[in-house]
Amino acid sequence: MTARVAGNDYRSLTPPALGAWTPSLRVSVVIPAYGDQEKLDLALAGLAVQTYPAALTEVIVVDNGSSPPLRLPELRPEGTSLIVCPTPGRAHARNAGLSAATGDVIHWLDSDVVLDRRSVEAHMRWHHAAPYLAVTGYLRFTPARLPAPEVVAAADDLAKLFEPAEPHAWLVDLVERTDGLTANPHRAFSLHVGGATSVNAALLAAAGPMDTDLILGQDTEMGYRLAQAGAVFVPEPLSRAFHLGPTMRMRGKAPIDRVSHAFVADRIPSYRWLRSHPSRQWKVPYLEVVVEPGEGTGREGPGYSYDEVRATVDAVLAGTLPDVAVTLTGPWGRIGTEGRAPLKDPDLDLVLIRGHYAHEARVRFVDEASVTSAATSAPSAASRQPRAGGPATPYRLRLPAGWVPGDDTLARLLDLAGDDGYGLVAVLLAEGGQDGEGGAGSERMIVAARLERAAAFARAAIVLEEGEDLDDAVEDTFGVVWVDGETYGFASEPRPIVGRRGAHRARIEAEAQVARLTRENERLRGQVTRWRDEAGRWRKSAVELRREVGTLRKELAAARKIVQYGLLSSVKRAITRRR
């Protein structure tokens with residue numbers, strides 16, 4: 001049984017301790033090199049004393065057009081070969097070495113990197129634990145003078161030769177702030193660096209070779225494709241190495257990012273911040289929507305209805321997610337040229353669909369015969385067919401024709417899948433009995449859409465056991481959730497499409513309304529302020545009046561006493577006179 005890793009939590013694996021196990025996998029160390037014979041000699045000297053068995057190790061040095069040509073030194077591993085790749089560029093050299101490699105694992109190594117003698121073994125113990133790993137060691141960058149190859153081979157600790165040195169700062173930071181790449185698994189592919197990374201060869205074959213069209217960023221782009229192929233990325237602190245001199249990025253990060261971002265934005269949809277344009281298209285779309293036929297007009301069984309397909313596709317293309325492609329799989333090859341009675345053509349709906357979207361770049365037509373052929377030859381690959389943007393497209397939504405997503409439906413579903421790391425988001429669109437009535441004793445019919453994460457289904461295909469349902473393997477590795485379609489804005493009737501001009505006018509009107517409400521708010525605030533001032537004056541007047549009333553009360557009380565005293569005196573005088 002193949003070990004299963006959930007997300008990127010490789011901690012569920014238990015690799016053997018160094019020096020306490022018997023390896024069986026072969027490793028091919030691929031070293032692209034251009035000049036710098038002295039550094040290459042040191043890299044090979046470090047490989048010559050590795051603790052991983054020499055019988056299971058081959059080293060392929062690729063001379064990328066050096067002048068004078070590179071040579072193999074005497075101090076080197078036994079199974080070392082030198083090939084020439086005249087086409088300039090590290091990606092071309094890596095691909096040439098990859099084509100010549102025969103190992104179960106490919107270990108990338110730069111020609112100016114010297115490995116600690118336990119480094120290859122530290123990598124390989126992980127690859128024996130699971131067949132879908134990408135392991136990266138820890139690099140330190142040294143300005144030290146270069147020692148002789150014999151000194152490197154004899155050293156029990158390379159730190160004595162190359163320290164003080166600087167760590168690979170961004171790599172260390174990435175690992176630390178993601179709890180060893182387990183807390184944010186969707187960016188773990190950034191760990192793939194060509195200086196000291198090893199990858200399972202079968203996984204690498206599924207992802208494809210280095211992209212030779214890139215100027216910079218090839219390592220990261222390949223790491224992204226490895227992630228889509230199901231890779232788990234492992235940082236291995238026991239694998240230590242010294243880079244002889246600073247990296248290109250350490251010499252100038254800003255110009256490197258400027259060049260790299262211009263290219264990788266087209267190829268790595270996960271870098272959403274590089275795709276800030278509101279409407280342009282990219283080489284690798286973020287989402288592929290596979291519109292599946294319903295009970296439409298097919299001659300045999302389910303088929304496409306032009307009206308249903310148009311309602312679905314138009315809504316997809318008009319939504320708030322522009323980074324999308326649409327795939328229509330059907331018998332497009334059987335559609336002929338115009339006949340004498342086109343309105344009586346049994347394939348009329350197919351003709352209308354293809355004609356309507358033939359020149360829409362975001363819609364492609366895939367003949368169902370090719371998909372059937374792929375499914376027959378490779379069942380695991382069939383689960384990933386068809387792919388509008390290739391295997392690098394991170395998400396695929398399978399949506400029955402006739403079901404219409406709302407403006408923000410696709411973006412909301414992607415947020416749910418991305419935030420919670422689900423491998424499958426199943427959307428319940430409708431349910432009922434066989435006849436749609438849901439009668440007692442009838443078989444329940446479920447109509448659902450499926451948002452599938454490519455990485456999850458690729459991983460599930462690797463660990464799938466015989467007879468097991470693929471969705472169950474996805475549940476184990478990434479998780480599955482069901483949601484209600486109506487809650488997420490799906491409807492079974494077409495909605496009016498708001499064009500760009502209409503959206504622009506609505507935005508202008510909304511901005512004008514906001515401006516009016518802002519002015520009205522300011523007016524009301526001023527009026528409230530005046531009322532508060534007026535209320536303050538009234539409160540002050542009321543206080544003064546209360547004080548005056550108090551004074552008058554005191555004067556009145558005094559007057560009353562005087563009157564009472566005078567009246568009492570008069571009465572006393574009158575009584576006295578009568579006596």
Side-chain angles (χ1 to χ4, degrees), residues 1-28 52-53 56 103-107 118-137 175 178-189 191-192 197-207 223-239 378-381 383-384 391 420-424 452-480:
M1 176 179 177
T2 304
R4 299 188 175 188
V5 173
N8 201 68
D9 195 355
Y10 53 87
R11 296 173 298 186
S12 61
L13 301 176
T14 306
L18 294 177
W21 64 299
T22 302
S24 60
L25 298 179
R26 298 185 69 252
V27 58
S28 297
Y52 199 73
L56 296 175
D104 303 298
V105 174
I106 307 300
H107 192 309
R118 302 187 305 168
S119 183
V120 174
E121 182 186 355
H123 277 248
M124 293 301 295
R125 67 196 188 109
W126 283 100
H127 292 293
H128 283 74
Y132 49 90
L133 305 183
V135 183
T136 296
V175 172
T178 58
D179 192 18
L181 302 182
T182 63
N184 185 14
H186 312 308
R187 289 289 309 279
F189 65 84
L191 187 76
H192 182 267
T197 295
S198 61
V199 184
N200 180 277
L203 187 70
L204 196 53
Y224 170 76
R225 281 187 285 119
L226 287 168
Q228 303 317 305
V232 168
F233 296 86
V234 181
E236 177 48 270
L238 295 180
S239 171
S380 63
S383 66
R384 300 190 292 274
D420 295 325
Y422 290 116
L424 170 62
E452 302 170 352
R453 184 192 298 269
F457 277 79
R459 177 91 57 80
I462 295 172
V463 303
L464 190 67
E465 295 182 10
E466 185 177 356
E468 183 182 15
D469 187 272
L470 191 63
D471 287 0
D472 291 337
V474 171
E475 171 70 38
D476 284 349
T477 53
F478 282 81
V480 176

Enquirer: Closest heavy-atom contact between Ala206 and Ala229?
Expert: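 Where Ala206 meets Ala229 most closely, the heavy atoms are CB-CB, 4.2 Å.
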Enquirer: Parallel, tilted or perpendicular: which describes the rings of His123 and His107, with under 30° parallel and over 60° perpendicular?
Expert: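 Aromatic pair His123/His107 classed tilted.
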Enquirer: Could you grab the distance from atom CZ of Phe478 to atom CZ of Arg459, nearest 0.5 Å is fine?
Expert: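 Nearest 0.5 Å value for the CZ-CZ distance: 4.0 Å.
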Enquirer: Got a sec, which pairs hit salt bridge (Lys or Arg N to Asp or Glu O under 4.0 Å) with one end in residues 4-24, sequence neighbours left out?
Expert: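 Listed by first then second residue: Arg4-Glu468, Arg4-Asp476, Asp9-Arg11, Arg11-Asp179.
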Enquirer: Can you tell me how far apart CG (Leu204) and CZ (Arg225) are? Round to the nearest 0.5 Å.
Expert: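 Going from CG on Leu204 over to CZ on Arg225, the span is 8.5 Å.
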Enquirer: Measuring only between side-chain heavy atoms, which start at C-beta, is Trp21 closer than 4.5 Å to Met124?
Expert: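 Heavy-atom side-chain distance check passes, below 4.5 Å.
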Enquirer: For Phe457 and Leu470, which heavy atoms make the closest approach, and how far apart are they?
Expert: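 For Phe457 and Leu470, the tightest heavy-atom pair comes out as CD2-CD2, 3.5 Å.
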Enquirer: Out of Val199, Val135, Thr136, Leu181, which one pairs with Phe233 under the side-chain contact (heavy atoms from CB on, under 4.5 Å) rule?
Expert: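 So, applying the side-chain contact (heavy atoms from CB on, under 4.5 Å) to Phe233 and each of Val199, Val135, Thr136, Leu181, only Leu181 qualifies.
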Enquirer: Where do Val232 and Asn8 come nearest, in terms of heavy atoms and distance?
Expert: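 What the structure gives for the nearest pair is CA-OD1, 3.4 Å.
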Enquirer: Between Thr197 and His192, do the side chains contain an N or O donor and an N or O acceptor separated by less than 3.5 Å?
Expert: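 The criterion, which ignores hydrogens and geometry beyond distance, is not satisfied for His192 and Thr197.
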Enquirer: Can you give me the closest heavy-atom contact between Ser198 and His127, atom names plus distance?
Expert: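 Closest pair (atom of Ser198, atom of His127, distance): OG-NE2, 2.7 Å.
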Enquirer: Do any N or O atoms from the side chain of Arg453 and from the backbone of Tyr422 form a donor-acceptor pair under 3.5 angstrom?
Expert: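 Yes, because the side chain of Arg453 sits within donor-acceptor range (under 3.5 Å) of the backbone of Tyr422.
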Enquirer: Mind checking whether Tyr10 and Thr182 have side chains closer than 4.5 Å, heavy atoms only?
Expert: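 In contact.
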Enquirer: Quick one: are Ser24 and His128 in side-chain contact, heavy atoms under 4.5 Å?
Expert: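 In contact.
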Enquirer: Closest approach of Pro131 and Asn200, non-hydrogen atoms and distance?
Expert: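 Closest approach of Pro131 to Asn200, heavy atoms only: O-CG, 3.0 Å.
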Enquirer: Do you know which two heavy atoms are closest between Ala207 and Leu226, and how far apart they sit?
Expert: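 Heavy atoms of Ala207 and Leu226 come nearest at CB-CD2, 3.7 Å.
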Enquirer: Leu56 versus Asp104: any side-chain heavy-atom pair under 4.5 Å?
Expert: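 Leu56 does not reach Asp104 side chain to side chain.
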Enquirer: Compare all side-chain heavy atoms of Tyr52 with those of Val27 and state whether any distance is below 4.5 angstrom.
Expert: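 Side-chain contact under 4.5 Å: yes.
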